[in-house]
There are 2 protein chains.
Amino acid sequence: MSTSSPARQQSEPKYWHLKTVLAQALDTEFSVGQTLPNERELAARFGVARATLRQALDQLELEGRLQRRRGVGTTVAPPRVGVDVSPGRHAGPAAEGGAWEAVDCAGSVPAAAVARDLGLPAGRPVRTVHRVLLAEGQPVATEQLYLSPGLVPAPGAAQERGPGPERARAVLDRLRTVPWDGQDRAVELGSAGAEDARLLDRLPGSPVLIVTTRYTAAGRTAAVAVATYRADTCRLTFGDREALTLTAG
Amino acid sequence: MSTSSPARQQSEPKYWHLKTVLAQALDTEFSVGQTLPNERELAARFGVARATLRQALDQLELEGRLQRRRGVGTTVAPPRVGVDVSPGRHAGPAAEGGAWEAVDCAGSVPAAAVARDLGLPAGRPVRTVHRVLLAEGQPVATEQLYLSPGLVPAPGAAQERGPGPERARAVLDRLRTVPWDGQDRAVELGSAGAEDARLLDRLPGSPVLIVTTRYTAAGRTAAVAVATYRADTCRLTFGDREALTLTAG
DNA sequence: GAGTGGTCTAGACCACCGG
DNA sequence: CGGTGGTCTAGACCACTCT
């Protein structure tokens, strides 16, 4: 890192250098949860425009090192929480650990790609279970579980009238009786929609990890789960590494 | 989308609405590979400042719908390519599909977290194999494979003198003879460092998916791979879904 | 109401790519 | 060289949270 090294690349952006300096400061001069000086003061201290400082903060937030809340301030984020997303051989969508909390069950129109996976025409509503994953008391993921028609019997009048969470749990119970063949998963980067952002206590457009799981039963895709994880606070784990199973790490 | 809907949320940001409009235009009026009007013209056309337009484009690029190249322009991106990252029971780090290309083998200092996984003191260099994953002719991921000392014998003088790729392949060959117990993986969001960005043909700071794999042999972590995937162009798949195995999907 | 981060503007200049 | 996206500025106002 000596400045005397010859023929360095031309013009390192200010925000990049700023990010490096800030990252080092976070390691040495701040502790988790501590509040940083406000953006206007930081910008002045470093002699840059606020927009430039924000570019550096944006990246640090993306890497999960900072947490910003409007009206409150910027704090040093704790290490990302590990969330186990292992396939688990013949487990169905309702067989996850106990941290998922059923929210509601209703009909909704899946995205075109999901409808295709289910072998249905686009635009048609299907029974959908909505769940939220809590880690350390905070919601870190939301999931929409789209069910193939006829997978579970139509709900009785009793459950249909009940409150949302109760209806959802009733459907999940029935899903446990389905003989599942297997599943496959995909992870990609996305940005939170308005609804997901609200549930995750983030701003719309925040980066999220989207996990799409296809569950197969009787030789075809019978359910598709689209889970949206906060990218700033979550690390998805596959395998037996230290992940939150019941209590937090 | 009717504006007459009552009690909508207060003040939708301009860039958010802009993103929605652009996303729809991409679906209906543009085809993959097509070049969009330049940013100054788009901003003028929508009656916003260029910075605001760029905020919308940033999100669309994050979602993998656009591809921007300095000095060239903004084009409509093809669908993300699926990359299989399935664990594969007792496979070692050298047992992947044929798309990985060995680049070099040298000594390097792993990050503190990696050193801890390997049971080594921080700051100590270890033998490291560097690989690049090509998909459709383009590099989409880079990987540093950190090896526990003593895992493979010191290289003979012949390989030590050879060019980088040859040295790397020689080490990978030796790794295939190691009896591996298993592995576990974690996926998280990060931003590309200067070196990774160069190899992936991206700007520093670009969002990447970081896959950390720990390989165990003889009951302990004997190798750690840190792979960096372009988040804009890659979808990581676990399972038997349509992923690129030999040729592209 | 005071203070924070989020949005937005209208410019300027720079780095890079292609012809 | 001209045109593109990338960086940067110095402001302004807004939405939100807390007191």
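Quick note on labels: first sequence line is chain A, next is B, and so on, each numbered from 1. Small disclaimer: the values here were computed from a predicted structure and weren't measured.
As a whole-Å value, the separation of B:L57 CG from D:dT7 P is 14 Å. Regarding A:K19, its NZ atom lies at a distance of 18 Å from the C1' atom of D:dC8, rounded to whole Å. Counting to the nearest Å, the P atom of C:dT7 and the NE2 atom of B:H17 are 16 Å from each other. Atom-to-atom, CG of A:L66 to C1' of C:dG5 comes out at 13 Å; the value is rounded to the nearest Å. In this entry the distance linking CG of A:L53 with P of D:dG11 reads 17 Å, nearest Å. Atom CD of A:Q55 and atom C1' of C:dG5 are 16 Å apart (whole Å). Distance A:E39 CD to D:dG11 C1': 15 Å, rounded to the nearest Å. Here D:dC8 presents its C1' atom at 14 Å from CG of A:D58, a figure rounded to the nearest Å.
If you check C:dT4, C:dT9, D:dT9 against the side chain of B:V48, the one that comes closest is C:dT9. Out of D:dC8, C:dG5, C:dT7, the shortest distance to the side chain of B:P13 is found at C:dT7.
Along DNA chain D, the nucleotide closest to B:L36 and the one closest to B:A51 are compared, and the more 5′ of them pairs with B:L36. Nearest-nucleotide positions on DNA chain C place A:L203 closer to the 5' end than the other of B:A49 and A:L203. Each of A:W16 and A:R50 lies near DNA chain D, and the nucleotide nearest A:W16 is the one positioned closer to the 5' end.
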Scan nucleotides 17-19 of chain C against the protein and return all N/O pairs shorter than 3.5 Å with their distances rounded to 0.1 Å.
none

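B:Y15 has a side-chain polar atom (N or O) that falls below the 4.0 Å cut-off from OP1 or OP2 of C:dT7. Contact check, B:T52 against C:dT9: a side-chain N or O comes under 4.0 Å of OP1 or OP2. Within the structure, every side-chain polar atom (N or O) of B:T74 is placed at least 4.0 Å from both OP1 and OP2 of D:dT4. A sub-4.0 Å separation between OP1 or OP2 of D:dG3 and a side-chain N or O of B:N38 is absent.
Sorted by first and then second residue, the side chain to side chain donor-acceptor pair (under 3.5 Å) pairs involving residues 72-81 of chain B (not counting sequence neighbours) are A:E188-B:R80.
For D:dG3, the base has no donor-acceptor partner in the side chain of B:R40 [N/O atoms by modelled type, under 3.5 angstrom].
The pair A:K19-A:E12 does not count as a salt bridge, with every side-chain nitrogen at least 4.0 angstrom from each carboxylate oxygen.
Between B:L22 and B:F46, some side-chain heavy-atom pair lies under the 4.5 Å cut-off. For the pair A:V48/A:Y15, no side-chain contact is recorded, criterion being any heavy-atom separation below 4.5 Å from C-beta on. Looking at A:V208 and A:D196, their side chains never come closer than 4.5 Å, going by heavy atoms from C-beta outward. Residues A:L66 and A:L26 meet the side-chain proximity criterion, which asks for heavy atoms closer than 4.5 Å.
Using a distance-only test at 3.5 Å, with no hydrogens or angles considered, no donor-acceptor pair links the side chain of A:R230 to the main chain of A:R202.
Between A:W100 and A:Y229, the ring-plane angle classifies as perpendicular under the 30° and 60° cut-offs.
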